[in-house]
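See below for the structure under consideration.
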Amino acid sequence: MTTRLHDTLTGAVRPLEPLEAGHVRVYSCGPTVYGPAHVGNFRSFLFADLLVRHLRWRGLRVTWVMNLTDVDDKIINGAAAAGIAIDELAERWIAGFLEDARTLRMSHPDVLPRATEHVPAMVALVERLLAGGHAYRTDDGSIYFRIASWPAYGRLARLDPGQMRVGERVAADEYTKDDVRDFVLWKGPREGEPSWETALGAGRPGWHLECSAMSMQYLGESFDIHTGGVDLVFPHHEDEIAQSEAATGKPFVRTWLHCAHLQMGGRKMAKSEGNIARVTELLAAGASPRALRYALLAAHYRTALSFSDESLAAAAAAIERLDALVAALEAYRSDGPGDPSLAGLLGRAREAFGTALDDDLAISPALGALFDLVRDLNRRIADRTLSSPDADTALAALRDLDTVLGVLPDPADALPDALDALLEARASARASRDWAASDRLRDELAAAGILVEDTRDGQRWRRAGSPSGA
RNA sequence: GGCGACGUGGCGAAGUGGCCUAACGCGGGGGUCUGCAAAACCCUUAUUCAUCGGUUCGAAUCCGAUCGUCGCCUCCA
């Protein structure tokens, strides 16, 4: 069984065949660190995370690189507005990004290269393009890529360069270039902007350049998968292909993966639309991190996903269902002989789950398989057909699937002594059938975020997940 | 003006020629269990897949038209 993925360039769903057997190289366009990322940005990061987790779960080695764009117009403007250096602004929001990523349980990329630390590699790339006749200088010290020198331009985005409405919504460029469609590789020095002294002269790199230079530095001139949001298809990735392939003469990326937009209020979530939600704000409003992760992951990556209070609440409820099962399995005790049907049940669930994700990361049927399993396990718990070891086996199976999803609660950590004492007090109150005391202690624990439930195995507890921003 | 995606129950979302009188999650209604509660389980909640027409023995799934929504062509995940 091989994972199949939809490639934007060819429009086909094809089996993933890594250039190096057993080792997949993945590059993901990361954040521009001029402010906090919104959850729409995180949809694309988490979809890449899902991809990486799934490939690793399938036993493949994955090298995952995600860039940090720490120099561009927005950062320059933002730093100027705040009266600080661009480095300072970038540092602040890199820290913010990493914090949000941790909160949302995103796997840590193997490399998080920063653009400002890779200027020499970018300069070298531009030199190759100049030497090959694919780039030219202008009077202000800028260097542009000559689209006319690259006939394949427009293939990724399926745009006909002749039909492009370039310039219509863009004021006449302040830089002078031969053709309005040419894109900048290197921006000449300007007053008040950071500048690097390089073999190309003074200036700073254009945005598209960094991804080509850094991806090729860490993953090779040809690599397996490149991910990003659909809004990067044009011009960003189109330009990356042109400058990379024109420089190396080799195919740049084998498979292009693009996730659709996260929508809020029926429109794409975007700062310019004013309809954004940020991780820290949502958490402050009471959202649970795992519910947020689930909400961003729960629809197929190539379909628009709507985000709302309702979707977050639904995600929180789904997470609660998983939490309740985990708590039930952890508390389950039975000396019974065990359930002979369990192994088959778990095997079929894993099979269905994996098969779904192999099909271009089809998350919906994968979640369907997961929740079918949840119901079947709950039934067995209610019917008490499982043995204690069976419960452990089932829990391990759930945790195995969760290697990919990353939404189950952490293994129950110890409670503070004070709360532990309340639990014990409640247990003895129940033993003496002192319902008033028992109920009062249950309320106290609930107020402390601990949900207590009574079963024939005695009372069991779990931490309350914050049910969305209710 | 060009290119593209999509329209499935109260909401979200699978399914792309017969096993679909349509998965899964959320929500609603009824029930079981329970000291109470919670959780869980059971039953129920679309004879229907934007509309119209066509192809086919057979269509949510293919074709055409119409209406509607969203996205890209510009910084953008």
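A, B, ... follow the sequence lines: proteins, then strands. Residue 1 opens every chain. Source: prediction; values computed, not measured.
Atom NE2 in H261(A) sits roughly 15 Å away from atom P in A5(B) (whole-Å rounding). The distance between atom CG of D383(A) and atom P of C42(B), rounded to the nearest whole Å, is 9 Å. L329(A) has its CG atom 13 Å from the P atom of A40(B), to the nearest Å. One atom, CG of D434(A), and another, C1' of A37(B), lie 16 Å apart when rounded to the nearest Å. A straight line from CG of L322(A) to C1' of A39(B) spans 14 Å, rounded to a whole angstrom. Nucleotide C41(B) holds its P atom 10 Å from the CG atom of D376(A), rounded to whole Å. Protein atom CG of L377(A) is 19 Å distant from nucleotide atom P of A39(B), rounded to whole Å. Protein atom CG of L262(A) is 16 Å distant from nucleotide atom C1' of C6(B), rounded to whole Å.
In this structure, D231(A) CG and H261(A) NE2 are separated by 4.5 Å, a value rounded to the nearest 0.5 Å.
Using a 4.0 Å heavy-atom distance criterion, T227(A) is classed as making no nucleic acid contact. Nucleic acid contact for K74(A): base, since at least one base atom lies under 4.0 Å from a heavy atom of the residue. Among the protein residues, A270(A) comes within range of no part of the nucleic acid, since none of its heavy atoms lies under 4.0 Å from any strand. Heavy atoms of S438(A) sit under 4.0 angstrom from at least one base atom. Residue A369(A) is classed as having no contact, given no heavy-atom separation below 4.0 Å to the nucleic acid. Using a 4.0 Å heavy-atom criterion, one finds that H236(A) contacts no nucleic acid atom at all. Nucleic acid contact class of G228(A) (heavy atoms, under 4.0 Å, all strands): sugar-phosphate only. At a threshold of 4.0 angstrom between heavy atoms, the contacts of D439(A) include nucleobase atoms, whether or not backbone atoms are also involved. Residue L451(A) is out of contact with every strand shown, counting any heavy-atom pair closer than 4.0 Å.
Taking the six-membered ring where the residue is Trp, Y301(A) and F47(A) present parallel rings, their angle staying beneath 30° rather than reaching 60°.
For D359(A), the salt bridge (charged side-chain N to carboxylate O under 4.0 Å, His left out) criterion is met by no residue, not counting sequence neighbours. For R333(A), there are no salt bridge (charged side-chain N to carboxylate O under 4.0 Å, His left out) partners at least two apart in sequence or on another chain. With sequence neighbours left out, the side-chain hydrogen bond (donor to acceptor under 3.5 Å, both in side chains) criterion links D390(A) to S387(A).
When each of C75(B), A37(B), A40(B) is scored by its nearest atom to the side-chain atoms of E453(A), the top-ranked nucleotide is A37(B). Picking from G35(B), G12(B), A77(B) the nucleotide with the shortest atom distance to the side chain of R430(A) gives G35(B). Comparing A39(B), A13(B), A77(B) by their closest approach to the side chain of L232(A) singles out A77(B). Side-chain proximity of L159(A) to the nucleotides A14(B), A77(B), C73(B) is greatest for C73(B).
Spacing between G1(B) and C63(B) at atom C1', rounded to whole Å, works out to 27 Å. Taking atom P on both nucleotides, G29(B) is separated from A39(B) by 14 Å, rounded to a whole Å. Comparing the same atom, P, in G30(B) and in C24(B) gives a spacing of 22 Å after rounding to whole Å. The gap from the C1' atom of C43(B) to that of A60(B) amounts to 27 Å, rounded to the nearest Å. For the C1' atoms, the distance from A46(B) to U8(B) is 9 Å, rounded to whole Å. A gap of 9 Å separates the C1' atoms of C33(B) and C41(B), to the nearest Å. Nucleotides G7(B) and U61(B), compared at atom C1', are 14 Å apart to the nearest Å. Separating the C1' atom of U55(B) from that of G17(B) is a span of 12 Å, rounded to the nearest Å.
Here R181(A) does not reach the OP1 or OP2 of C73(B): none of its side-chain N or O atoms lies under 4.0 Å away. The side chain of R267(A) places an N or O atom within less than 4.0 Å of a non-bridging phosphate oxygen (OP1 or OP2) of C70(B). Phosphate proximity of A77(B) to N41(A): present, with a side-chain N or O under 4.0 Å from OP1 or OP2. The phosphate of C72(B) has OP1 or OP2 within less than 4.0 Å of a side-chain N or O from K268(A).
Side chain to side chain, S28(A) and W64(A) meet the donor-acceptor criterion of an N or O pair below 3.5 Å. Looking at D239(A) and Y153(A), their side chains do bring a donor and an acceptor atom within 3.5 Å of each other. With 3.5 Å as the limit, one finds no donor-acceptor pair spanning the side chains of H258(A) and H6(A).
Side chain R442(A) to base A37(B): a donor-acceptor pair is found below 3.5 Å. Judged by atom type and distance alone, D231(A) does not reach the base of C75(B) through any side-chain donor-acceptor pair under 3.5 Å.
Screening residues 377-386 of chain A for side chain to side chain donor-acceptor pair (under 3.5 Å), with sequence neighbours left out, gives D339(A)-R380(A), D339(A)-T385(A), S341(A)-R380(A), D376(A)-R379(A), R384(A)-D457(A).
The pair R430(A)-D434(A) does not meet the salt-bridge criterion, since no charged nitrogen lies less than 4.0 angstrom from a carboxylate oxygen.
The ring of F97(A) has its center closer than 6.0 angstrom to the ring center of F42(A). Residues Y27(A) and W256(A) place their aromatic rings such that the two centres sit no closer than 6.0 Å. Remark: aromatic rings of F223(A) and F252(A) are close, center separation under 6.0 Å.
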Each nucleotide of nucleotides 25-34 of chain B classed B (base within 4.0 Å of a protein heavy atom), S (only sugar-phosphate) or -, in 5' to 3' order, makes SS--------

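Of the two residues near RNA chain B, H208(A) and R158(A), the one whose nearest nucleotide lies more 5' is R158(A). Each of W435(A) and S364(A) lies near RNA chain B, and the nucleotide nearest S364(A) is the one positioned closer to the 5' end.
Every stem involving RNA chain B, taken as at least 3 paired positions in a row under the Watson-Crick or G-U wobble test at 3.5 Å, is listed here: B:1-7 with B:67-73, B:10-12 with B:24-26, B:27-32 with B:40-45, B:50-54 with B:62-66.
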